[in-house]
Amino acid sequence: MRKTTDNMALGMSLGMCFGVALGTAVEKLGIPMGICFGMLIGMMIGIAKDKAVKEQVEKEGYTIKSIEKNDASDDYRIIINNNRGEEQMVNVPIGTMETEQFAVGDIIFMDEDGDIEQAFDEEDE
């Protein structure tokens, strides 16, 4: 099974940024310690999110079956299948479609809001 580390890397990056701000604001902490704490906290949050993505991919196994453009609203209708063969339709805004670049057969996961995201980047494959 492929692994995703996208959220861990993003969490570390954001954590370091917040750590610099925290280290600057609290003089006794200092910027280097702020970076370390921020990176550690961001990494832990990112690892937890990556673990949730991996568990959902293993349990549900959502794949994209078809993609259709909705001419009336400039959204895309994406039909996804899970491991049990159950179909579900998801509306995806055009901006998300351009960012994620979904294609038929992609493995995706559904976040807590019901939006879909790529489970793996192309370089992960």
Side-chain angles (χ1 to χ4, degrees):
M1 182 77 187
R2 294 178 295 182
K3 292 183 179 180
T4 180
T5 58
D6 295 340
N7 296 303
M8 181 190 68
L10 178 64
M12 285 175 53
S13 302
L14 291 174
M16 287 190 311
C17 293
F18 289 120
V20 167
L22 180 66
T24 304
V26 180
E27 286 184 26
K28 295 195 188 260
L29 184 61
I31 293 175
M33 288 303 292
I35 290 174
C36 292
F37 286 132
M39 185 171 64
L40 181 65
I41 292 168
M43 186 171 65
M44 290 188 307
I45 293 170
I47 287 172
K49 174 95 184 223
D50 285 334
K51 183 179 177 186
V53 169
K54 182 178 183 258
E55 287 174 0
Q56 188 186 93
V57 167
E58 288 176 351
K59 181 180 176 188
E60 296 293 332
Y62 291 119
T63 56
I64 295 178
K65 180 179 178 183
S66 68
I67 301 172
E68 300 173 4
K69 181 146 175 41
N70 185 356
D71 295 327
S73 65
D74 284 336
D75 289 346
Y76 285 85
R77 283 187 230 132
I78 297 181
I79 298 176
I80 58 175
N81 280 348
N82 63 10
N83 290 344
R84 298 177 298 282
E86 299 167 345
E87 289 186 359
Q88 186 174 351
M89 188 186 76
V90 180
N91 287 321
V92 177
I94 193 165
T96 304
M97 189 68 181
E98 290 171 354
T99 303
E100 295 286 338
Q101 298 179 347
F102 293 119
V104 174
D106 283 353
I107 299 171
I108 52 104
F109 74 97
M110 192 171 297
D111 66 11
E112 48 283 335
D113 296 330
D115 298 329
I116 60 173
E117 297 179 32
Q118 293 279 4
F120 306 104
D121 287 337
E122 288 182 18
E123 59 260 11
D124 293 337
E125 296 180 8

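The shown structure was predicted, so the numbers you read here are calculated from the model rather than taken from an experiment. The first residue of the sequence shown is numbered 1, and numbering continues consecutively from there.
Between the CD1 atom of Ile41 and the CG atom of Leu14 there is a distance of 13.0 Å, given to the nearest 0.5 Å. Note: Ile35 CD1 to Leu40 CG = 13.5 Å, rounded to the nearest 0.5 Å. Taken from CD1 in Ile67 to CG in Asp106, the straight-line distance is 7.0 Å, to the nearest 0.5 Å.
With hydrophobic clusters built from ILVMFWY side chains whose heavy atoms lie under 4.5 angstrom apart, Met97 does not share a cluster with Met89. In the hydrophobic clustering of ILVMFWY residues, with side-chain heavy atoms under 4.5 Å counting as a link, Phe109 and Val104 come out apart. Val57 and Met110 are not part of a single hydrophobic cluster, where members link through side-chain heavy atoms under 4.5 Å apart. The hydrophobic cluster containing Ile108 does not contain Ile79, counting ILVMFWY residues as joined when their side-chain heavy atoms lie under 4.5 angstrom apart, directly or transitively.
In this structure the side chain of Leu10 never reaches within 4.5 angstrom of the side chain of Lys49, judged on heavy atoms. Taking the side chain as every heavy atom from C-beta outward, Ile116 and Phe102 approach each other to under 4.5 Å.
When all heavy atoms of Asp50 and Met8 are compared, the pair lying nearest together is OD2-N, 3.1 Å. Nearest heavy atom pair, residue Gln118 against residue Ile107, reads OE1-O, 3.9 Å. Of all heavy-atom pairs between Asn91 and Pro93, the closest is O-CD, 4.1 Å.
The pair Asp74-Lys69 meets the salt-bridge criterion, with a side-chain N (NZ, NE, NH1 or NH2) lying under 4.0 Å from an Asp/Glu carboxylate O.
Residues passing the side-chain hydrogen bond (donor to acceptor under 3.5 Å, both in side chains) test with Ser66: none are found, sequence neighbours excluded. Residues satisfying the salt bridge (charged side-chain N to carboxylate O under 4.0 Å, His left out) criterion with Glu117, sequence neighbours excluded, are absent altogether.
Each salt bridge (Lys or Arg N to Asp or Glu O under 4.0 Å) pair with one or both residues in residues 86-97, not counting sequence neighbours, appears once here: Lys65-Glu87, Arg84-Glu86.
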